[in-house]
Every structure is written in C-alpha cells, then in structure tokens.
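For reference, the structure discussed in these notes is given below.
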Amino acid sequence: MIYQLLRTIVIILAVYYIGKFLMRIFAPVLMRYAAGKMEQKVKEQFQQQYQQQNTEQTTSKTKMKSSSKKVGEYIDFEEID
C-alpha cells in the first residue's frame, strides 16, 4: 500500500519535472512559430487592405472622370448696372 503511494508520487513528480524541462526546450521554438504565423497573417491583411484601397481609388477616379463630363448646361450671366 505505501509502496504504491510512493510510486504514484514519484511518477507524478517525474512527469512534472520532465514536462518542465521539455517546455524549456520547446517553448521558444513554439513561440517563434506562433509569432511567424501572426506576422504572416498581419502582412496578408495589410496587403488585402492596401489592394482594396487601390481599387476604391481607381473606381472613384473613374467615377469623377465620368461625372465631370456630364456637367449640364452653361448659363451666361450678365451684369446689370
């Protein structure tokens, strides 16, 4: 009975310290991987936003060009003294 209890405690402590040791080794690698993925996502979002702004600017320029052609009638006003 006591032997099983001690064995369980030793197994728990061994798992804890081995996990702690492995986390020291693999945590920096995992953090670099996660940071790289986040950086990639931010770049993609920035490129999408930049492309969207460019398409909006070109469409607004074409609308301005087409709307400037349809000015309407020109009315000449004369001054009255």
Side-chain angles (χ1 to χ4, degrees):
M1 177 92 174
I2 293 178
Y3 173 73
Q4 291 175 347
L5 180 63
L6 288 174
R7 183 175 153 214
T8 304
I9 291 173
V10 168
I11 290 173
I12 290 171
L13 290 175
V15 168
Y16 172 75
Y17 283 110
I18 290 172
K20 191 174 174 182
F21 176 74
L22 291 175
M23 286 304 289
R24 268 195 193 168
I25 293 172
F26 292 116
V29 175
L30 292 173
M31 293 297 284
R32 273 190 238 120
Y33 176 75
K37 281 289 196 180
M38 288 178 66
E39 182 180 357
Q40 185 179 10
K41 285 183 181 180
V42 168
K43 283 182 181 180
E44 288 174 3
Q45 287 177 351
F46 178 75
Q47 288 175 350
Q48 287 176 354
Q49 186 177 13
Y50 183 73
Q51 289 173 353
Q52 185 179 12
Q53 285 179 348
N54 282 344
T55 56
E56 287 176 2
Q57 287 177 357
T58 55
T59 55
S60 66
K61 285 181 183 178
T62 56
K63 286 181 182 178
M64 289 176 69
K65 288 180 183 178
S66 65
S67 64
S68 63
K69 292 179 183 178
K70 299 177 184 178
V71 175
E73 290 185 35
Y74 177 73
I75 300 174
D76 190 20
F77 290 101
E78 296 181 16
E79 278 189 39
I80 301 176
D81 291 324

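From a predicted model like this one, the values you see are computed outputs, not experimental measurements.
Other members of the hydrophobic cluster containing L22, listed by chain and number, are I18, F21, I25, F26; membership follows side-chain contacts under 4.5 Å among ILVMFWY residues, whether direct or relayed.
Interatomic distance, CD of Q47 versus CD of Q45, reported as 11.0 Å (0.5 Å rounding). I11 CD1 to L6 CG: the interatomic distance, rounded to the nearest 0.5 Å, is 11.0 Å.
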